[in-house]
S.K.: 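This is the structure, below, for whatever I ask next.
Chain letters run A, B, ... following the sequence lines, proteins first and then strands; every chain starts at 1.
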Amino acid sequence: MRRRDEKFPENGFEAWGGYMHAKVSKLKEQFSSKAAAEIRVSNIFNGISIFVNGFTIPSADELKELMVQHGGVYHTYQTNDDFIIASNLPDTKVKNMSLSKVVKPEWITDSIKCNCLLDYNIYLLYSNKRTQPKLNFNRLNKTESTPNFENDNTTVYEESKANAIISDENTNNNQLLDTNHKPNKLQQETKQCNIAKTAVDPNFISEFYNNSRLHHISQLGASFKQYINDLRDESNYLFPARVHLSEKIRFINKQSTYSINFEYNKIIMHIDMDCFFVSVGLRSRSDLKGKPIAVTHSKGGQSQKRPGVDRNVEFNLYKQRQAAKWSKVSETSENNIETRVDNIGDEGDKFGSMSEIASCSYEAREKGVKNGMFMGAALRLCPDLQTIPYDFDGYKEVAYTLYNTIAQYTLDIEAVSCDEMYVDCTTLLKDLNVDVVDFATVLREEIKEKTGCPCSTGFGGNRLQARLATKKAKPNGQFFLTSDLVEDFIFNISLKDLPGVGRQISQKLESLGHYTCGSLQQLTLAHLQKYLGNKIGLQLFNQCRGRDLNSLTFHVVRKSVSAEVNYGIRFENNEQCYNFIKQLSAEVHSRMEQFKVVGKCITLKLMVRAKDAPVETAKFMGHGYCDVINKSVSLTSPTSDPQIIAKEIVSLCMKLNIDPREMRGIGIQITKLESVNNRQTKGSLSKFIVSEKINNKPVKKEDLMSINDMQNSHIAKTNPVTPKKVFQSPNMRSPILSSKRSPTIGPKRSPSRKRGRPPKSLKLEQSTKSVMDKFLQGNSSNTILQAKVSMEKKEIKQETVIETPAKKEKGLLGLHWEQTRELLRAWLDSNQTPKLCDINMISDYMCDMVINKNIDKLYILINFFRRRVTELNDEIWSEVQNCILEKVQNTMIAVYGKKLWFESN
DNA sequence: ATCCTCCCCTAC
DNA sequence: TAAGGTAGGGGAGGAT
């Protein structure tokens with residue numbers, strides 16, 4: 001018998017890799033439904049690049065496609081050479097930008113109509129920089145530019161009424177232009193020309209979003225998650241920059257070697273910029289370095305007194321609510337409740353500013369200033385606190401640099417936000433063969449050099465450890481939490497510092513007398529679950545022991561899209577409210593277009609002034625003390641149509657019957673999403689597996705714990721729990737998969753069997769995956785990554801049906817199973833000796849299918865494979881088959897407790 | 001039991 | 001003045 005290595009040479013991948021690549025490209029074409037749409041039609045826009053700002057008709061997506069078709073370039077992010085396509089720009093933005101290249105979208109559409117590039121000067125949105133922006137509201141509201149739905153037949157009274165309202169021509173915008181509409185014409189026009197003050201103003205939404213830090217944080221976070229998805233899809237998984245990195249590291253430490261921390265399966269890095277917004281702002285203000293600084297809208301000027309404001313009344317309401325909430329937990333706390341509104345001065349007071357601090361420097365933190373604090377309260381703590389303005393473009397730029405820096409070296413990145421990510425460094429560090437700390441030093445130096453901003457990194461065996469390590473490392477430092485340190489380290493960690501433990505949960509725990517992880521370790525799992533619920537209890541039980549069941553997620557799949565505005569909402573009548581809903585629906589629509597999703601469930605979120613709250617809010621244009629009301633409808637078919645969304649929301653609004661003058665916030669959320677591109681019906685068995693009852697036994701706590709203990713072996717030593725439960729009953733056959741029937745293709749097997757359901761817990765799936773990763777540890781060298789190059793493609797991402805949680809993690813290879821079948825076919829027919837890396841790749845893929853409960857597809861795939869192997873009648877291939885099947889069955893046992901049944905064995 | 005809806009909580 | 005968004009996880013409790 002030959003040695004395994006000979007039979008499955010490790011480094012012989014390239015030939016097959018190249019072959020696979022070609023094969024995959026071909027497959028890609030076949031599977032690409034969009035290929036036809038991307039054919040070049042003309043070269044009208046040769047040399048022209050555009051950036052779309054805000055809501056346009058046609059939509060940004062449509063413009064993108066048009067540009068591609070006609071030889072132009074579409075930029076998701078604005079560059080200097082871009083023409084800016086916009087129908088409407090917020091005034092503040094207009095003030096700060098050159099308007100000489102801001103062009104209406106008609107420039108694009110008309111040019112295409114004429115089949116030649118028209119003079120953009122004719123289409124300038126603002127003809128002269130000096131003049132006030134003059135927007136043609138008529139144009140924006142014309143029916144021709146918005147799809148109408150007058151043909152929509154509805155039976156429900158409210159709906160038809162809602163319909164009528166939405167399609168009503170006489171909107172607020174038009175009123176503004178109506179010269180006969182005298183009451184506040186002058187006043188309104190003044191508003192138009194200056195700043196959008198309330199949501200009644202047509203520019204309000206974009207104005208608000210342009211200045212909202214929370215909106216930017218959220219959007220940037222989402223876009224970096226997408227960015228990582230894209231990079232992973234497009235990468236060849238070769239990281240030439242690693243060579244330089246390795247050299248640099250050896251320059252600072254010649255002896256640097258990767259000493260494996262045997263206790264850890266993985267080395268996870270957490271990386272976080274230090275007080276991000278401040279650092280970015282200080283790049284150009286080195287004079288302010290070392291001083292207490294806060295990023296806020298407030299410029300320090302004293303606020304005016306507004307009539308009707310009673311801060312005390314409002315603040316007391318907040319306190320009462322908080323007290324009521326906490327008294328549920330324990331009767332002890334009554335008076336000493338700390339709230340956000342403490343220490344705020346009165347209006348006009350030196351400490352009266354209610355502008356929120358987005359980020360503050362460490363010097364300010366030392367004085368007790370915190371992010372999210374009101375400026376007034378912060379000034380009380382730190383009177384010499386200086387403010388700097390927001391620089392949203394700067395944040396984006398620095399964040400890109402940060403991400404690109406890391407992405408040179410690895411793409412095993414989970415983006416958390418624009419300034420924070422987790423990185424699985426296991427293979428990277430092995431490849432570089434350097435010490436963890438040296439690696440951190442050099443990496444942080446590079447980031448500092450490129451961005452001008454400091455960052456901190458933490459390393460550990462799981463994400464919790466990495467994250468806590470970063471916390472310790474800050475500011476501008478690094479920390480490797482080695483396995484020998486974990487126990488002591490975690491013991492002293494404050495419960496508040498655990499991710500997922502916020503104000504409410506820490507309050508609950510404190511009322512039980514627990515402030516630190518060490519103390520919480522006294523509580524039993526059952527006890528914790530009784531107080532906090534099953535999931536959170538388990539999570540905490542593990543966290544306070546330094547364990548973390550959650551593995552990193554490299555691919556993100558969206559589950560909801562929403563837009564909400566809880567600032568500046570002041571309506572005088574229903575008409576203004578409905579008009580705003582129309583605009584917000586358009587916003588939601590354009591986001592859905594961007595993500596290429598449609599949704600079935602529409603939710604209205606309203607903030608309404610609470611009964612006792614003052615009409616005039618303490619914070620200027622804030623929402624004040626409110627009741628929150630949510631209401632949702634489910635549609636029969638998914639949509640992203642702004643008209644339908646608006647209609648449904650108005651209809652919900654009418655049912656709630658709330659005085660529009662009391663509204664303080666409006667949000668629209670769409671859930672039950674489906675991807676637009678490929679709304680395939682799922683295989684019947686897959687549906688069956690997800691929704692039918694198969695196994696009535698709930699997930700056992702012990703199962704979860706034992707899995708966890710395998711994952712954190714160093715802790716298992718002090719706290720031994722054998723993992724045998726997970727692997728019990730390997731001979732029991734799955735009631736679904738083992739019943740007597742011929743192994744025909746999925747859809748034909750009617751889901752008549754009722755019993756047994758795979759454990760539902762996502763946690764279990766994820767942790768099982770980690771166990772399996774360990775189990776199936778192949779040689780995860782670069783060759784496998786290279787294979788992903790060819791295999792991981794965009795189409796797959798798009799076909800994913802979003803709502804199935806099991807699909808959240810798509811495993812190592814994001815390939816469509818049918819593509820994999822074709823690859824298998826090609827592989828078997830290639831007449832080459834199978835390589836170990838290829839075998840691992842295939843088995844990993846299949847194991848992921850088990851984990852993702854894609855059993856019906858897996859079944860087809862394996863049967864196909866077995867059939868072909870039998871036909872080949874080759875000893876080596878038979879062994880390959882056995883090798884793969886063994887791994888798959890191991891995974892089956894771990895996930896389902898049962899093996900997959902096949903006809904002839 | 002399990003599913004669905006309406007929340008609440010947390011994070012950035 | 002001020003720009004209090006957004007997504008995901010999960011619990012409570014009623015409907016089935």
S.K.: For C/dG10, does either OP1 or OP2 sit under 4.0 Å from a side-chain N or O belonging to A/Lys535?
M.R.: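 Yes, within the criterion.
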S.K.: How far apart are the C-alpha atoms of A/Lys619 and A/Glu314, what are their side-chain angles, what is the distance that settles it, and do they pass the salt bridge (charged side-chain N to carboxylate O under 4.0 Å, His left out) test?
M.R.: CA-CA 10 Å; A/Lys619 186 200 270 243; A/Glu314 191 175 318; over 6 Å; no
S.K.: Which nucleotide wins on minimum distance to the side chain of A/Lys197, given the candidates C/dT6, C/dT1, C/dG4?
M.R.: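 Comparing C/dT6, C/dT1, C/dG4 against the side chain of A/Lys197, the answer is C/dT1.
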S.K.: Looking at C/dA3, C/dG11, C/dT6, which one has an atom nearest to any side-chain atom of A/Glu207?
M.R.: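 Looking only at heavy atoms from C-beta outward on A/Glu207, the closest nucleotide is C/dA3.
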S.K.: Nearest heavy atom decides the nucleotide; on that basis, is A/Arg213 or A/Lys225 closer to the 5' end of DNA chain C?
M.R.: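 It is A/Arg213, whose closest nucleotide lies nearer the 5' terminus.
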S.K.: Given B/dT10, is OP1 or OP2 found less than 4.0 Å from the side-chain N or O atoms of A/Arg503?
M.R.: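 Answer no for this pair, as no side-chain N or O of A/Arg503 is under 4.0 Å from OP1 or OP2.
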S.K.: Would you indicate which nucleotide in C/dT6, C/dA2, B/dC12 comes nearest to any side-chain atom of A/Glu420?
M.R.: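 Looking only at side-chain atoms, A/Glu420 lies closest to B/dC12.
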S.K.: Is the backbone of A/Ile344 close enough, under 3.5 Å, to the side chain of A/Arg311 for a donor and an acceptor to pair up by distance?
M.R.: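 Judged by distance alone, no pair lies under 3.5 Å.
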S.K.: State which of B/dC6, B/dT5, C/dG5 makes the closest approach to the side chain of A/Phe208.
M.R.: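 The closest nucleotide is C/dG5.
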S.K.: Taking the six-membered ring for Trp, are A/Phe392 and A/Tyr395 closer than 6.0 Å centroid to centroid?
M.R.: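 Yes.
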S.K.: Using modelled atom types only, decide if a donor and an acceptor are shared between the side chain of A/Asn316 and the backbone of A/Val313 within a distance under 3.5 Å.
M.R.: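 No; zero donor-acceptor contacts below 3.5 Å.
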S.K.: Within a strict 4.5 Å, meaning less than it, do heavy atoms of the A/Ser223 and A/Lys396 side chains meet?
M.R.: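 In short, these two side chains do not touch, never coming nearer than 4.5 Å.
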S.K.: Among B/dA11, C/dG4, B/dT10, which nucleotide has an atom closest to any side-chain atom of A/Arg467?
M.R.: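 Among B/dA11, C/dG4, B/dT10, the one nearest the side chain of A/Arg467 is B/dA11.
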S.K.: Looking at every strand, decide which applies to A/Ile536 at a 4.0 Å heavy-atom threshold: base, sugar-phosphate, or nothing.
M.R.: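 Result for A/Ile536 = sugar-phosphate.
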S.K.: Do the charged groups of A/Asp627 and A/Arg321 touch, with an N to O distance under 4.0 Å?
M.R.: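 Yes, charged N to carboxylate O under 4.0 Å.
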S.K.: Relative to the 5' end of DNA chain C, which residue comes earlier, A/Tyr567 or A/Gly537, by the nucleotide with the nearest heavy atom?
M.R.: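 Nearer the 5' end of the strand: A/Tyr567.
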S.K.: What nucleic acid atoms does A/Arg591 come within less than 4.0 Å of, heavy atoms only: base, sugar-phosphate, or nothing?
M.R.: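 Sugar-phosphate contact only.
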S.K.: Might you work through the salt bridge (charged side-chain N to carboxylate O under 4.0 Å, His left out) test for A/Arg570 and A/Asp201, ending with a clear yes or no?
M.R.: CA-CA 10 Å; A/Arg570 298 290 187 278; A/Asp201 203 295; over 6 Å; no
S.K.: Does A/Ser353 have a side-chain nitrogen or oxygen under 4.0 Å from the phosphate oxygens OP1 or OP2 of C/dA2?
M.R.: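 For C/dA2, OP1/OP2 do have a side-chain N/O of A/Ser353 under 4.0 Å.
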S.K.: A/Ser218 near the nucleic acid: base, sugar-phosphate alone, or nothing, with a heavy-atom cut-off under 4.0 Å?
M.R.: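 The answer is base, as A/Ser218 lies within the cut-off (heavy atoms under 4.0 Å) of a base atom.
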S.K.: So what does A/Val628 hit on the nucleic acid, given a heavy-atom distance under 4.0 Å: a base, only sugar-phosphate, or nothing?
M.R.: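 It contacts nothing in the nucleic acid.
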S.K.: Check every strand shown and say whether A/Phe392 touches a base, only sugar-phosphate, or nothing at a heavy-atom separation below 4.0 Å.
M.R.: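 The answer is nothing, as A/Phe392 stays clear of every strand by at least 4.0 Å.
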S.K.: Polar pairs (N or O, both sides) under 3.5 Å between protein and nucleotides 12-16 of chain C?
M.R.:
none

S.K.: May I ask you to evaluate whether A/Gln219 reaches the phosphate of C/dG5, defined as a side-chain N or O under 4.0 Å from OP1 or OP2?
M.R.: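 So the side chain of A/Gln219 is outside the cut-off, no N or O lying under 4.0 Å from OP1 or OP2 of C/dG5.
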S.K.: Looking at B/dC6, C/dG4, C/dA2, which one has an atom nearest to any side-chain atom of A/Ser632?
M.R.: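 My answer, after comparing the listed nucleotides, is B/dC6.
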S.K.: Decide, applying a 5.5 Å centre-distance limit and a 30° plane-angle limit (both strict), whether A/His297 stacks on C/dA3.
M.R.: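 Answer is no, no stack.
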S.K.: I'd like to check A/Val556 versus A/Gln226 (side-chain heavy atoms, cut-off strictly below 4.5 Å). Are they in contact?
M.R.: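 Sidechains of A/Gln226 and A/Val556: no contact.
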S.K.: Verify the contact: side-chain N or O of A/Asn566 to OP1 or OP2 of C/dG5, cut-off strictly under 4.0 Å; return yes or no.
M.R.: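 Yes, such a contact exists.
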S.K.: Are A/Asp342 and A/Lys319 ion-paired here, with the side-chain N under 4.0 Å from a carboxylate O?
M.R.: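 Looking at A/Lys319 together with A/Asp342, the answer is yes, because their closest N to O distance falls below 4.0 Å.
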S.K.: So, do A/Ile271 and A/Thr470 sit near enough that their side-chain heavy atoms are less than 4.5 Å apart?
M.R.: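 They are not in side-chain contact.
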S.K.: Considering every strand and a 4.0 Å limit on heavy-atom distances, what is the contact class for A/Leu498: base, sugar-phosphate, or nothing?
M.R.: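 Result for A/Leu498 = sugar-phosphate.
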S.K.: Any idea which of B/dT10, C/dT6, C/dG4 is nearest the A/Lys619 side chain?
M.R.: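 When the side chain of A/Lys619 is considered, C/dG4 is the closest of B/dT10, C/dT6, C/dG4.
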S.K.: So what does A/Gly622 touch, heavy atoms closer than 4.0 Å: a base, only the sugar-phosphate, or nothing?
M.R.: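 Touches a base.
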S.K.: Could you tell me whether A/Met354 contacts a base, only the sugar-phosphate backbone, or nothing, with contacts defined as non-hydrogen atoms closer than 4.0 Å?
M.R.: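 Answer is sugar-phosphate: A/Met354 comes under 4.0 Å of backbone atoms only.
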S.K.: Would one find a side-chain N or O of A/Ser560 under 4.0 angstrom from OP1 or OP2 of C/dG8?
M.R.: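 Yes, because at least one side-chain N or O of A/Ser560 sits under 4.0 Å from OP1 or OP2 of C/dG8.
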S.K.: Check the phosphate of C/dG4 against A/Ser212, side-chain N and O only, distance under 4.0 Å to OP1 or OP2. Yes or no?
M.R.: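 Answer is yes, contact under 4.0 Å.
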S.K.: Which nucleotide, B/dC9, C/dA7, C/dG4, lies nearest any side-chain atom of A/Gln504?
M.R.: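 That would be B/dC9.
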S.K.: Using C1' atoms of five pairs at each end, report the bend of the helix from B/dA1-C/dT16 to B/dC12-C/dG5 rounded to 10 degrees.
M.R.: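 The angle separating the two end axes equals 10°.
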S.K.: Can you tell which of B/dC6, B/dC12, C/dA2 lies closest to the side chain of A/Ser355?
M.R.: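 For the A/Ser355 side chain, the nearest candidate turns out to be C/dA2.
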S.K.: Check for me whether the distance between the ring centres of A/Tyr400 and A/Phe224 falls short of 6.0 Å.
M.R.: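 Close enough - the centres of the two rings lie under 6.0 Å apart.
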S.K.: A/Arg340 side chain to A/Gly372 main-chain N or O, any donor-acceptor pair under 3.5 Å?
M.R.: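 Side chain of A/Arg340 to backbone of A/Gly372: a pair is present.
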S.K.: Measure from the side chain of A/Ala563, starting at C-beta and using heavy atoms only, and say which of C/dT6, C/dA3, C/dG5 lies closest.
M.R.: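 The closest nucleotide is C/dT6.
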S.K.: Any side-chain N or O of A/Tyr209 below 4.0 angstrom from OP1/OP2 of C/dT6?
M.R.: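 Yes, such a contact exists.
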